[in-house]
Structures are given as structure tokens and as C-alpha cells.
**Student:** 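Pasting in a structure now, in C-alpha cells, and then I'll have a few things to ask.
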Amino acid sequence: MTPSRWQIHSQHTASFRSVAPVLWLLTGAAVAAWAYFSMATPERVRHFLVLHQGLETLSIVVSALVFAVGWKAHSINPQRNVFILACGFLGVALLDFSHMLSYAGMPDYVTANSVAKGINFWLPARYLVAVSLLWALGLHWHAPGDSASAGPGRFAVLALVLGVVAAVHVLVFWYPHWYPETYGSTGLTPFKIAAEYGVIALYAASLALLLRLARERTSFDVARLFAAVWVMALSEFFFTFYVTATDPFNLLGHVYKVVGYYYLYRAIFVGTIEAPYRALKQSDKALRAVLDAVPDLMFEVTRGGRYVEIHTRQPELLLLPAEQVLGRTIHDILPPQAAAVAQRAIDAAAEHGVARDFQYTLDLPDGKHWFELSVARKVMDEASEAHFVVLSRDITQRVQTLDTLRKLRHAVEQAPNSIFIAGADGNIEYVNPAFSVTTGYSLAEVVGRNPRLLSAGGTPLSVYADLWAHLSSGRVWRGEFLNRRKDGREYYESAIISPLHDEQGRITHYLAVQEDVTERKRDEERIRKLVNFDALTGLPNRTMFASRFSQALALTQRSGQHLALLYLDLDHFKNVNDSLGHQVGDELLVEIAHRLQLVLREEDTVSRPGGDEFIIVLPLADAQHAAHVAESLQSEVRRVCRLGHHELVVTSSIGIALYPEDGREFETLAQRADAAMFRAKETGRDTYRFFSADMQAHSLRVLQIENALRSAVVQNQLALHYQPQIRLRDRRLTGVEALLRWTHPELGLISPAEFIPVAESSGQILGIGEWVLRTALAQARAWCEAGHTGFTVAVNLSMVQFRHPGLVEMVQQALADSGVSPQMLELELTESIAMDAPEKVIAIVQQLFDLGVQLSIDDFGTGYSSFSYIQRLRVHKLKIDQSFVRHLGEDGSAQHIVRAIIGLAQSLDLESIAEGVETATQCEALLSLGCNTGQGYYFSRPVPAAQLDAWMTERRVTLV
């Protein structure tokens, strides 16, 4: 009875399963009743008429209800199928009503009642049911809400049904003889039985249509409609078996008919009525779910802003509880500014139907919130007041996010560094303005292109390999590129490139932040050069040279050979600075540095530690090779240097120390090469010398003297000796020169020629010089107090003393402390002092002259004095160096030099005094040349002050 499972659509499976047991039960009960009552003699059912009328009344009520519901449903949601059934059942209700009134035992209904008269109303009613069902099922069944297709009009169908009903009544009441006989003395006639089977056949056609509809989705309950038709078909079978109108078959037929009507009502009409309500309820649930899912505040308000309804899942966003808001207006609830915005949105919606993007802010307990309004006019009855649906969305997070994004955008666009974003394919999608400024390319020129367009071709391939190794593994890469700008200029760029991932962790883009570090690289290079190279010549400085020396020494040690360290110093370079200026001197140093580099091998290194000194290391070089290099270096230095308008010739002195003979580390070798260089200078300059053992001893001696000298004054180891200065024409004493002597308890008597240079180089000469001056002035005071007057006491000034800024003040204070007349003090300046910084020397000499002190220039003729300069110096004497006096009478050239010096002194109105007079011949020669004064062993050796007193007494010198 139930169709195969595979034929039924899944929509109807559950319904068929629910009705199948009932159909099996009813069918089984029908078969059992038929079998039972067929074997027995039919008996009259007690109270049959009452039961019959009751059952018919139920079926009439159901039929009338079907019509009423179907008619009303059609007026709301037109469905042709339902309307046909409704009109059909209206006719069925009328015919069944007439059938009930015409039944035997009831009062006559228009005409005499009989069983045949009742059957005559019954059969048309059954056919009207079957035909209506078949007609309704044969049409396309529309879902509720669908528009009905074209067909007979509403009143046409109703008129047709009513016409059929009227025709049946006319036929039964007034023309019964036209009606075939349906019931006789023997019971049902063959016509009546055949007619019942005709109804069953129509029901069978309906069942076939229902089985076909069960294979697809429908808008009605196919299973219950199938059950209704099946049960009504069973009822028709009962109406073919009864013999008397009151037997059980007739009653069972009516019972089954009522059950069939019930299923029909449930299948179509109740479904038709319930479906819209179920759909409405489902729609309401869906709408409620949508509303619950909406995170925004939703209001329904009037044109004036009065709250009609509120829906929200976030009551904390309301300024007041919802029950306190309803009935009040937006102007009562919201702040004035927010209410004004809301009212403008409502007004805009009233005019245009919809209004969007109206924003305002509210201060809530958790802070300031931004809201955005969307307003739509709600469709209402024309007579009703216009309502508006207001959606108030909290956009605080969006505003804050947009503000953050705006800041980020400004940060990116205003960032001083170049920034670009590339897609997963590596092509550029965005660049910031700084990128365009740095590279010269605009956004339009680079979008869609690979960043390799910036490459200058100088970045190693390993850098790119490392870059993609990092990015492919999702790591950040940092490095540098050598790129090229649009105009072709190259520049260095430091880059940080990061992969960007989506929510699934896939790389979607690459972010590059780059900085032009060209200037920084240049600064680093400059700093590196400043740290490791001489700023003037570009040669390695002492620090870099020490590193190069270590490498050269390591190479030498591995090979087991020698290494040579050369110290080169330019001869008399100071004269170039003094006469031509420091700029020319610097140019000369640059030229000499270039020449030295030309001589050396690639593995050799030359450095300029400072001044006019150069130090050279020759790895894998023995003494012979070092000598050849020294000769080549001196030859290069000696060549004429053309610097601008000047042509200069300079020479150099070189000291050589060898590894391992002279030392095994840099400091030792450097010290000994420096000592050898000084030996070269002492032996005439423009030559080179190797370090030797006596030079080492000399260095130790210098160090020993320097250390001992520091305590010489405190321990009274120093003393002054005085040598007379005699006027040659009358042999009278004109002055004495104070000469320093040092006797050390361990070292013994140390020559001034040995310890004075040490005192000058170590800076101790300042203290010693002041002690000499004050001691000589104290002795002069003693002589004055003893009656010895009329002569000067000469004190030598060293270069270090003369350069000291407090010299004049020191002399002035020493004179004041001693009480000696300034005219009795004579200060001797060497010619080299006089030529150092001429203008400054002239100023200092003038200050000393103003003190009343006598001044003389010592060792005159050994330097490079300028006669015009000497003329400007306020001095009193010129002292002729003993090197010229020594050869008087032996060398004619010496006599010419002395005569020239004496002539110069006379022309400048200066006294001349000769040093180193040791013989009578020299004395007579000086006198003949016009020299004023002599000083030397011929007259007296330098002696202590007490011996000088005795010498004066013995010689009976007349003091002038």
C-alpha cells in the first residue's frame, strides 16, 4: 500500500511513515469487518438513524468548514487548487445535508422521503468529492504566497458547483423518474453498485497522481492526502455491500467517510491554514534571530523622534533603561548635539526613504563612543503616523581603527625612510613619498615592477640568496644593497624586509623599509681613515702601522728571514714652515709621502706618525736590501719638488733597525730605528745609519740622565761656574757668563752638552733655567755688596724657556727678588731662538729690552739669520761662534766670516764678542779685525764664583 522508499521524496518520508500504520489498521479492520458481516445474515443496527444522522452531521460540518476556510484562505492567498476543493466541498455539504434530510425515518423533505431518495443525493455528493480531488490534484499545486496561474474565476467555479447542486435537487425533487433506480426491494441495484465503483475508480486516479507527486517536493502533505483518499475509497467499498439501509456495512461506510474527511481536512485545509502561520512563526523566529544577531541598537521612532520600540543586545549602550526610553523623544534622551544629528537623519529618511552615514558621539560610563545612524521609513497604512526604523551602530572601534590606520598612513607617508610593499610575486604594489625622493621613481613608474630595477649590479649574489632564504622561511631579513637612482647615481641602502602573513599563515606581501646610508658609509669610511690613516698624506697612522707591522712580523717569523724598520726624518723641515708657511709644508709632506710609496714594494708599508717623520717596515728584508731601499728613498726625497711657484730641495736622515738582531717587537725596533735616525742627523744629515750597540748605550745613558736630573736641583747637585769676558783693547773685565755644571754622586761630572738637551726634551729645563737665573742674580748681588761692579752677568736662555709664555714675568720677578739692577743682567739667545717665529720673538725681546736687561745673540753665524730681521731685534751684542774663532790664522775663509760678522755688528751699532779664544794668535787676530770682547781659555776657564774672585785679585784687573 505504501510506495517504495526509493520513489518517495525525502520531504514526505516521515509523513508516510506516520500514516502507514493507521492505513494498515483501517484496511485490515475493513477486510475483517467485510469477512465477518459477509458470512452472517445482516441485521439491522439499533439506533441506526441516530448514528447515521450524527455521522452525516460531522461530515457536513467538516465539508462546510473546508469551504469556509478555503474561501477565506483564497481571499488572502489565492490558490486555485484549494479553492476548487473548497467549492466542491460546499456542494458536498449541501448534497449531504439534503441526503440526511431525505433519509427514511426523517420527516419528508419537500417530497416523500425514502432510501432511494437519500441515495439520489448521496451519489452526486460522492462524485463531486472525487471529481474535485482529481481536478485539484491534476492542476499545478502552488506554494503559499505564489501567484495562481490563469484559470476559471473565483465566482465561476462557485457558480458551477452551485449549479450542479441545484440541478441535482431539481432532478431528485421533481423529476425522480429521470434518475436510474438505485435501491429496490432486494437492496442495492446494479446501477448503484456500479456508480460506487465509479467513485472508487476516480479515487484510484487521485491515488496515482498522489504517488507521482510523492516523488517531488510539494507545498502540501501528500501522505495525509493519500491516506484521506485511500480511506474514502475503502468507505465506498462498504456502500457496495449493504442489503438494507440500516445494516453494519452502511454504518461502517459512513464511519470511514468521516475518517477520510478528517485526513483530507488535515492534509490540505488545515495545512493551508497552518502553513502561513507556521511560515509566519518561522519568519518571526528568523527575524528574531536576525535581530538578535545584529549587534547594533535598533529603534522605531516617529517623525518627531518619539521612541516606539527598542531592540538591542547591548543595553549598556543606552543612556537609560529601555522601559524609561519608550514614549519619550530623542530630544529628551540624547544630548542636544546628538539629538540634532538624529533628527536630521529622520528628516532625510522622511524625504528620501533612506538616510545613512549620520554620526554623533556619546559619553558613556566606559568612555567616549561614536555612533553611526542608518534610518529607513517604515511602510505603514496611509492613515497611520509615519514610523522610522533607526539602526544605531557603535562604530567606536572602527573610528579608533581608522584613526590608527590614518596615523599609520601618515607615518608611512611622512616617514623619512623609503617604504614599499610588494606582492607575493615580488612586484611592487605601493611606495611612499620618501621612496620617490630617494630613488627618483614615482609610484606610477614602479607599480607592477620588480624591485630589481633599482639594482646597480654591485650587490653580491650571496646577499640575494640570503634574502630569499630568510623570506621563504617567514623570517625578517636585514642587510644592505648597492642601488642606482633613476638619474644613474649609485647609493647604498640599508633594508629591513619582512614577510606579511594572512590569517592562515600564508605569505601575501613583503614590506621593505629602506634607508639611504650613503653618507653614513662615507662617514664610516672617513672615520676609518681618520682612525687608521694620516689625514694629510693618507698613509697609515701609528695604529694601522702597528697592525701592518704585526702581519709583516708574522710573515717574517714563519719564513725565518729578517725584517727592517726604517725611521725617516726630513732635514731642516722646520725652515720650510717658517719661511714659506705651513700650507707649503703640508704640500711638501704629501709629495714626499707619494714619492716614498713609489719606491716601496706592495708588501712594504710606510706610515707618517706625525710631523716630518715617516716610518717604514720592510718584511723579508736583510741589511743589504734595507740599505738599498734607504738610498732609493733618499734619492727620491732629494729630487726637486715643484710646489706652485716654489722649487724646493730637501734631504732626509734615515735610521735602520733589523729584526731579530736589534729587537723582536715593534716598540723596541721603533725606538732603536729612531735612535739610529738621530745618529744620522748628528753625522751630517742626508744619510742613513744602522742601529748599533753604542747607540743602545747612548739611549740608556739619556734615560739615566733624565731620571737623575729630576732630583738634581733638590739635592744641590747643580752649580754655576763663571767665565770672564775681557775687552780686547785694554784687557779689562766687562762681564762674566754663568755656565751650569752638574756633578752626580754616582755618574760623576756630566757635561752640559749631554744633560742640557735631555733637560730640554723632558721639559725640566724650565725649572732648571729659573734656578740658574736666580742663582746668578744672587751671586751678582753678592759681588755688588762686595764692591765688584761695572760688569754684566750673562745667563743663557734655551728654546723651551723662550717659548714659555711666562718668561718676561719670571725674569722681572727674579730681578725684583734679587735687588740687582737689570743693566747688570745679560740674557743670551741662540740664533735658532731668534729665528723661531720672528714676529713673536721681536715682541718678547722688546719686553725684555724694556726691563733694562742686556741681550745678546749667541752662536751667531751658525744659522740662517735674516739681516733685516736682526736689525729689528733690540739686542746689544753678537757672539761669534767658537767654530769660526778656532780656525783664525789657519783658514782664510774663517777670517772672512769673522770679519763679516764684526762688520755687521758695527753697522748695527752692536758689540761683538768672540767665544772660544784659546791662543794669543786668535786674540791678536780678533783685535785686528775690530772685535770688542773675547771669552775663552786664553783668559780663564769657567770657575766657581770664589775662584773667580781670586783670579781677579791675582790679575789685578781694573774694573770698568
Side-chain angles (χ1 to χ4, degrees), residues 397-398 400-533 544 547 551 602:
Q397 186 175 3
R398 187 179 79 187
Q400 293 172 346
T401 301
L402 289 175
D403 184 60
T404 301
L405 291 176
R406 189 181 303 109
K407 292 176 182 177
L408 290 175
R409 185 191 67 190
H410 290 166
V412 171
E413 292 181 349
Q414 299 175 26
N417 293 343
S418 298
I419 298 175
F420 74 81
I421 299 175
D425 57 358
N427 294 331
I428 296 174
E429 296 182 2
Y430 168 83
V431 299
N432 70 338
F435 177 92
S436 300
V437 172
T438 300
T439 65
Y441 289 98
S442 66
L443 175 62
E445 291 176 310
V446 298
V447 167
R449 302 181 66 181
N450 194 281
R452 69 172 63 95
L453 71 94
L454 299 174
S455 176
T459 303
L461 295 178
S462 59
V463 172
Y464 294 107
D466 182 61
L467 161 66
W468 285 110
H470 277 73
L471 297 183
S472 300
S473 61
R475 294 176 293 160
V476 177
W477 180 84
R478 292 175 174 84
E480 289 186 356
F481 300 111
L482 176 61
N483 287 340
R484 179 178 287 111
R485 308 183 204 274
K486 184 179 179 181
D487 59 11
R489 291 180 297 135
E490 293 183 352
Y491 67 102
Y492 286 95
E493 200 161 42
S494 174
I496 300 176
I497 303 179
S498 308
L500 304 181
H501 303 82
D502 61 11
E503 293 77 5
Q504 287 73 40
R506 295 172 298 190
I507 296 176
T508 60
H509 293 83
Y510 300 99
L511 172 66
V513 180
Q514 298 175 305
E515 180 183 5
D516 185 347
V517 295
T518 306
E519 287 302 319
R520 190 187 75 188
K521 297 279 285 186
R522 291 173 181 170
D523 291 341
E524 289 175 352
E525 180 63 21
R526 284 194 289 267
I527 292 172
R528 187 184 69 83
K529 288 185 176 180
L530 288 174
V531 171
N532 298 301
F533 295 89
M544 174 62 75
S547 175
Q551 297 174 10
E602 183 177 352

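Sequential numbering from 1 along the given sequence is applied to the chain's residues. Model, not experiment: these values are computed from the prediction. FYI, side chains are in, hydrogens and waters are out, and symmetry mates aren't considered; it's all heavy atoms of this structure.
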**Student:** Taking side-chain contact (heavy atoms from CB on, under 4.5 Å) as the test, write out the residues that go with Ala456, two or more places apart.
**Tutor:** Leu482, Arg484, Glu490
**Student:** Quick one: does any side-chain atom of Thr518 pair with a main-chain N or O of Tyr492 as donor and acceptor, under 3.5 Å?
**Tutor:** yes
**Student:** Excluding sequence neighbours, so at least two apart, what forms side-chain contact (heavy atoms from CB on, under 4.5 Å) with Glu602?
**Tutor:** none
**Student:** Is the shortest distance from a Lys or Arg side-chain nitrogen in Asp466 or Arg478 to a carboxylate oxygen in the other one below 4.0 Å?
**Tutor:** no
**Student:** Can you list everything that forms a salt bridge (charged side-chain N to carboxylate O under 4.0 Å, His left out) with Arg449? Sequence neighbours excluded, please.
**Tutor:** none
**Student:** What class does the angle between the rings of Tyr510 and Trp468 fall in, given that below 30° is parallel, 30 to 60° is tilted and above 60° is perpendicular?
**Tutor:** perpendicular
**Student:** Do any side-chain atoms of residues 422-435 form donor-acceptor pairs under 3.5 angstrom with protein atoms, and if so which ones, sequence neighbours left out?
**Tutor:**
from, atom 1, to, atom 2, distance (Å)
Asp425, OD1, Asn427, N, 3.1
Asp425, OD2, Asn427, ND2, 3.2
Glu429, OE1, His509, NE2, 3.1
Asn432, OD1, Ile419, N, 2.9
Asn432, OD1, Phe435, N, 3.1
Asn432, ND2, Val412, O, 2.9
Asn432, ND2, Asn417, O, 3.0

**Student:** List for me each residue that meets salt bridge (charged side-chain N to carboxylate O under 4.0 Å, His left out) alongside Glu503, sequence neighbours excluded, and say none if there are none.
**Tutor:** none
**Student:** What are the two closest non-hydrogen atoms of Asn483 and Ser455, and how far apart are they?
**Tutor:** OD1-CA, 3.8 Å
**Student:** Assess the pair Phe420 and Tyr441: is the distance between their ring centroids shorter than 6.0 Å?
**Tutor:** no
**Student:** Is there a side chain to side chain donor-acceptor pair (under 3.5 Å) between Thr438 and Ser418 once you walk through the steps?
**Tutor:** CA-CA 7 Å; Thr438 300; Ser418 298; 3.2 Å; yes
**Student:** Would you please name every residue forming a salt bridge (charged side-chain N to carboxylate O under 4.0 Å, His left out) with Arg489, sequence neighbours left out?
**Tutor:** Asp487
